[in-house]
Engineer: 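Just passing along the structure, written as structure tokens.
Within every chain, numbering begins at 1; the chains are lettered A, B, ... in the order of the sequence lines, protein sequences first and strands thereafter.
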Amino acid sequence: MERETLDVDVLVVGGGPAGLAAAYRLARLNAEQGGEPLMVAVLEKARAAGAHMLSGAVLDPSALTDLMPDWKSRGAPLDVPVRDDRIYFLTARRALPFPVTPPPLRNHGHYVVSLNRLAKWLAEQVEAAGVDVFTGFAGTELLYEGDRVVGVRTGDRGLDRHGERKGTFEPGVDIRARVTVLADGVRGNLTKTLIRRFGLDAGRSPQSYAIGIKELWDVDPDRLPAGSVIHTMGHPLRHEEFGGGFIYALPEGRLSVGFVAGLDYRDPLFDPHVAFQRFKRHPLVSNLLAGGQMVRYGAKALPEGGWHALPRCHADGALIAGDAAGFLNSMRLKGIHLAMRSGMHAADAAFRAVREGDVSGARLSEYARLVEEGPIRRELYPVRNVHQSFAGGLLAGLLYSGMSLVTGGWWFRDPMPSHAGHERTRTVKRYFGGGVPPEPPGVPIDRALTFDRLTNVHYSGTRHDEDQPSHLLVADTDICRTRCIEEYANPCTRFCPANVYEIVDADAGAGKRLQINASNCVHCKTCDIMDPYQIIDWVPPEGGGGPSYEGM
Amino acid sequence: MKTAVCIKQVVTRDWPLRPAESATWVRDDDASFEMNEPDAYALEEALRLKERHGGEVVVCSAGPARISQVIREALARGADRAIHVESDALSAAGADAVAAALAAAMQDESFDLVLTGLQSDDQGFGQTGVVLAERLGLPHATIIMEVDIAADGAGLRVKRELESGWFQWVAMPLPALLTIQSGINQLRYATLRGIMAAKRKEIRTVPLDGVASQGQRILELYVPEKTSATRFIDGSAPEAARELVRLLREEARVL
Amino acid sequence: MTLVIAEQRGGVLNPATWETLAAAQQMNAPVTAAVVGARVQDTAAELAAADVAEVLAVEHEALEPYTPDGFVAALAQVVEATGPERVLFPHTYQTRDHAPALAARLGRVLIPDCIGSKDRDGQRVFVRPMFQGKFVADVLPEGPAPHFASFQIGAYRADACVRGAAAATVREVAVQLDAAAIRQRPEAPFKEAKQAVDLTQAERIVAVGRGIKGQEHLPLAQELAKVLDAELAASRPICDSGWLPMDRQIGSSGQTVAPKLYLAVGISGAIQHLVGMKGARTIVAVNKDADAPIFEVADYGIVGDLFEVVPAIVAALDGD
Ligand SMILES: Cc1cc2nc3c(=O)[nH]c(=O)nc-3n(C[C@H](O)[C@H](O)[C@H](O)COP(=O)(O)OP(=O)(O)OC[C@H]3O[C@@H](n4cnc5c(N)ncnc54)[C@H](O)[C@@H]3O)c2cc1C
Ligand SMILES: Cc1cc2nc3c(=O)[nH]c(=O)nc-3n(C[C@H](O)[C@H](O)[C@H](O)COP(=O)(O)OP(=O)(O)OC[C@H]3O[C@@H](n4cnc5c(N)ncnc54)[C@H](O)[C@@H]3O)c2cc1C
Ligand code: SF4
């Protein structure tokens, strides 16, 4: 088989804010430092730039301004400054405003943006600066020489569902690079293998995650002025669950309505999709959405472990940036600026390493120094225990968040203990103390305000070639019908927002079996994170497949 | 052989479209776009003909600036260069206006063969190709499932699809225009090299001032209303079945 | 005057012509039918049964077999000689092949694939689907007459064409054609089993869903398809399990179809399925769940167990 190869100096995997900022920075360094320019390429699995971007999003523009001081004149889609910032605590019927918005949650000087549009625009800037942006190509494997990362292999295209070659078969490409910057986002598939291979998370707290589900709505423009920002806590979550809702107002009556739920819930029957629907039915939200129309939907996980959960982000020939590493401030629900900042630092380290001809981990550890000494640590260190503190319940969390502002993040134990989220899920028996579990809170589906999963997925624009091997590798599907069904009642059917996992009758009355509708997948990574037996491996489907998050 | 392929950019197939404020077009400012499907097959056919007979493949597209997305995609798949007739007024233009715009820009190129898709997924006029042939003075054939260029390059034979499983071979002199049916071939993937090479390929932009008379105007665009409520048929299975068959015969008249 | 271009091949009239005549008769203008070919006296006589002002028989040796060049040249002369207000066609493959060029040659535009026509504020507009049936549009022809439109097959009923009290007169119209100027050289049509089924062309479709439970029950649906002379299709889970080939899948990642009859058996009606079949003219759903979303688009619904209802439908069809 003839495999195409391509040699570059720096390969960036992932066309999100981290990867694009890294690429742009490299192009700028090329221009500023003179000399033989480094050849830089970006690999992105989405069929078009930005198509897999899903965020809130309130943007802290600090990193963008440092990356590209002239962003305004270059037409960056930062149209709406935040004008109004409110936090509510929701009970089932009421919304209690927080009297003051704590300083770190204030968004003065920030912008309400669509990350999809921002990434699309940034990708154009990156291309114009001379970088190749390859959309529709997924990195499936890291290439090694000994223990040094020397690039990435992209996925084969044109395989049928049994793995046989179709007429259009096109083998994956080996892109060889002196430095590979992994910006493959939350629970990135390449980052995951790198961390495992070198134990980069040794001695760190386990990463914790949340799932964010979001819809775009078109409503009467008078409903909520553009630039309004609302955060909620409480209903429909209980004290034991971490998370909350957000509503950000874009121009022309477009609302970004989302809900974040910690992927460390104990109740095995908890259903994030249902929680989001219940959130929309709260009067605070339903009054805003009444008569409007849902136009887009999506879901994506986010890393919430913070400072203590950051792995070592450098290895021989490789760096990790953005959500892939976990640079996200979960208290502010903000990661874009940190993703960009880390991408810039990674670019600085990679550029100098390549120029000096030393791409060893030791040389690339300059990246860690830049993170330590720069704005990333300044922002993340003081809030390092916030998410963990919510493990003790909402009130303890709020108390702590408040206190940490005073104490600078000091807590009784530092770092606070933390468990991987999936380990906190209890068995049905344990959680409900034997007996029949109560019917979990359902939600009426009217397909106007509330939607079933499949209808929602339709609005994510998700598309995959159906005739390809499943990209959800379940190591042992027997567990699903023997153990999991008994122990956890198949939580995959609830935590997957896209109805990828179904438990159906097996043929000929032989009990149940797991049905995987891989082409429904919106690439949120929740199953890879949350499955209690850790037997689901998310690998990229054929490049170009996945959601189409226009405007998200 | 010098082949032109006319490519249109359309809103992605499953984009949840809504009528625009004006109610004469859809709200597509925030939509996602893609290459019109039959046009992708036309491009593939042109590339295959080039592989067999040599020559050049030129993408010809008429539309607003955003269509450069599909132009670049076509160049990445292997087209040699492109002509972009650019005007915002073309984004919702009918087949006639598009064909006129294309014809003007293509006139002097003297193509041997012009391929278009059979129809577009948005307006579904299915006539840009035929009108373009008329305007360029070329013979044409539609709904093509196979293309055979004569060894001497003077003419070609094409397989046309007729209704209900019938086909027909038609011979024609070159230059000619064909409208290509989806499924005529298997589409190739864009390669990394193709994407890199595309950056260096020429896109000639031809500005267009004003769109010619369209000959037709959309007064209103709306979601078709379901005409009748669902009629539930009760009774035992045999009763319900008999009643259904009767209704299908006498009321719906579909049997 | 409304001029309707009839379609015939080898002396056999395409029945869609009657539908277009029916459409024309509803436009408050006298209707003339024209039939084009080498020998069209018989089809012209057949058309004369309709309530039309007259039938034009346009004969020329060079018009057989059909070529777009020949038809455009001939029809341009007919239109210029008769000066109609509008020219209507059945929207067949042959119409698609030449009518747009004819309109263009006369400096006009064809409004194709219409499903209706109506008077809107005193103007005659044509109603046509757009965006693959997601929308319909009222389209106003602009500029001087004649205006050109074609009508989707099945949009009007052939038996809605009013018959005349007496046969209309048949008038021969001579056209000047230069056989040498016809550039297309068609060969004889031939029939070919397609490699893939083309459900988009099917008139009737029986579609099965997961309610069928097992592959072993598929013959039930096959039997129904057979007695209805319908193609068999399915929702995704059926094709995904390999019970039917993938080219029989209806929906957003399968085929989009618009048959006259779509009978959905044991299909819940998820939006991804609905987008592929909503455009069917008559939709029948059999499902045991009265709340299944498929009923929201169905014209006729039977709430019941498909294992009882489907055999009963087969029996009811067989019974006569
Ligand atoms: C619901 C929600 C709301 C949020 N709200 C805010 C907010 O208001 N403000 C804020 O600042 N942040 C917010 N965030 C966080 C923010 O969106 C992320 O921190 C940020 O997007 C991280 O950027 P990134 O580039 O690291 O990763 P991503 O944005 O995830 O980008 C990774 C890219 O890599 C691609 N990729 C992954 N794997 C591969 C592969 N193998 N091969 C090729 N390409 C690959 C992906 O397709 C993707 O395009 C929110 C997140 C969520 C989920
Ligand atoms: C990106 C994406 C693309 C997709 N593309 C497609 C597509 O192209 N086509 C497609 O079809 N789907 C597609 N789907 C899947 C779609 O969402 C649904 O899952 C699917 O259509 C369900 O098929 P079904 O109705 O057969 O099964 P189910 O939803 O399981 O419905 C079975 C129905 O059978 C009924 N039933 C059960 N037993 C009986 C009985 N004895 N008698 C009568 N009724 C009975 C039940 O009441 C139920 O309504 C797609 C999904 C996604 C996310
Ligand atoms: S399969 Fe996994 S990654 Fe895909 S949508 Fe479901 S939970 Fe998310």
Engineer: By a 4.5 Å heavy-atom criterion (distance strictly below it), what part of C:V275 contacts chain B: side chain, backbone, both, or neither?
Structural biologist: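 Neither; nothing under 4.5 Å.
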
Engineer: Take atom CZ in B:R157; do more than 12 heavy atoms of anything else shown fall under 6.0 Å from it?
Structural biologist: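 Atom CZ in B:R157 is packed in, count exceeds 12.
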
Engineer: At what distance, to the nearest 0.5 angstrom, does NE2 of C:H147 lie from CD of B:Q216?
Structural biologist: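 Atom-to-atom, C:H147:NE2 and B:Q216:CD are 11.0 Å apart.
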
Engineer: Roughly how far apart are C:D138 CG and B:L219 CG, rounded to 0.5 Å?
Structural biologist: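 So the CG of C:D138 and the CG of B:L219 are separated by 6.5 Å.
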
Engineer: Between B:F232 and C:F295, is the gap from one ring center to the other below 6.0 Å?
Structural biologist: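 For B:F232 and C:F295, the ring centres are under 6.0 Å apart.
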
Engineer: Heavy atoms only: give me the nearest C:V127-B:Y222 pair and the separation to one decimal.
Structural biologist: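 Result for this residue pair: CG1-OH, 3.9 Å.
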
Engineer: With a 4.5 Å cut-off on side-chain heavy atoms, are B:M145 and C:E192 touching?
Structural biologist: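 A side-chain contact under 4.5 Å is absent here.
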
Engineer: With the side chain counted from C-beta on, respond yes when C:R204 and B:V254 share a heavy-atom pair under 4.5 Å apart, and no when they do not.
Structural biologist: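 When only atoms from C-beta onward are counted, B:V254 and C:R204 do not touch, as no gap falls below 4.5 Å.
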
Engineer: Distance from B:H140 atom NE2 to C:T67 atom OG1, nearest 0.5 Å?
Structural biologist: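 It is 9.5 Å, given to the nearest 0.5 Å.
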
Engineer: Charged N to carboxylate O below 4.0 Å: is that the case for C:E187 and B:R160?
Structural biologist: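 Salt bridge absent between C:E187 and B:R160.
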
Engineer: Just to verify, what does B:D121 make a salt bridge (Lys or Arg N to Asp or Glu O under 4.0 Å) with, not counting sequence neighbours?
Structural biologist: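 If we apply the salt bridge (Lys or Arg N to Asp or Glu O under 4.0 Å) test to B:D121, skipping adjacent residues, there are no hits.
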
Engineer: Tell me, do C:I302 and B:L244 make a side-chain contact under 4.5 Å, heavy atoms counted?
Structural biologist: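 Contact flag for C:I302/B:L244 side chains = yes.
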
Engineer: Would the number of heavy atoms belonging to other residues, nucleotides or ligands and lying under 6.0 Å from NZ of C:K134 be above 12?
Structural biologist: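 Yes.
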
Engineer: By number, which residues in residues 92-106 of chain C have some heavy atom less than 4.5 Å away from chain B?
Structural biologist: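 If one takes a 4.5 Å heavy-atom cut-off, the residues of residues 92-106 of chain C near chain B are C:T92, C:Y93, C:R96, C:D97, C:P100, C:A101, C:A104, C:R105.
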
Engineer: Could you check if a side-chain atom of B:R253 sits within less than 4.5 angstrom of a side-chain atom of C:D159, using non-hydrogen atoms only?
Structural biologist: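 With C-beta onward as the side chain, the pair touches.
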
Engineer: Hey, do the aromatic rings of C:F131 and B:W25 have their centres closer than 6.0 Å?
Structural biologist: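 Judged by ring-centre distance (under 6.0 Å), C:F131 and B:W25 do meet the cut-off.
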
Engineer: Considering all heavy atoms of both residues, which atom of B:A241 and which atom of C:V309 are nearest to each other, and what is their separation?
Structural biologist: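 B:A241 and C:V309 have their closest heavy atoms at CB-O, 4.5 Å.
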
Engineer: Mind listing the closest non-hydrogen atom pair of B:R13 and C:G251 along with its distance?
Structural biologist: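 Looking at all heavy atoms of both residues, the closest pair is NH2-O, 3.5 Å.
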
Engineer: Is it the backbone or the side chain of C:Q272 that comes under 4.5 Å from a heavy atom of chain B, or both, or neither?
Structural biologist: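 Looking at C:Q272, nothing touches chain B.
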
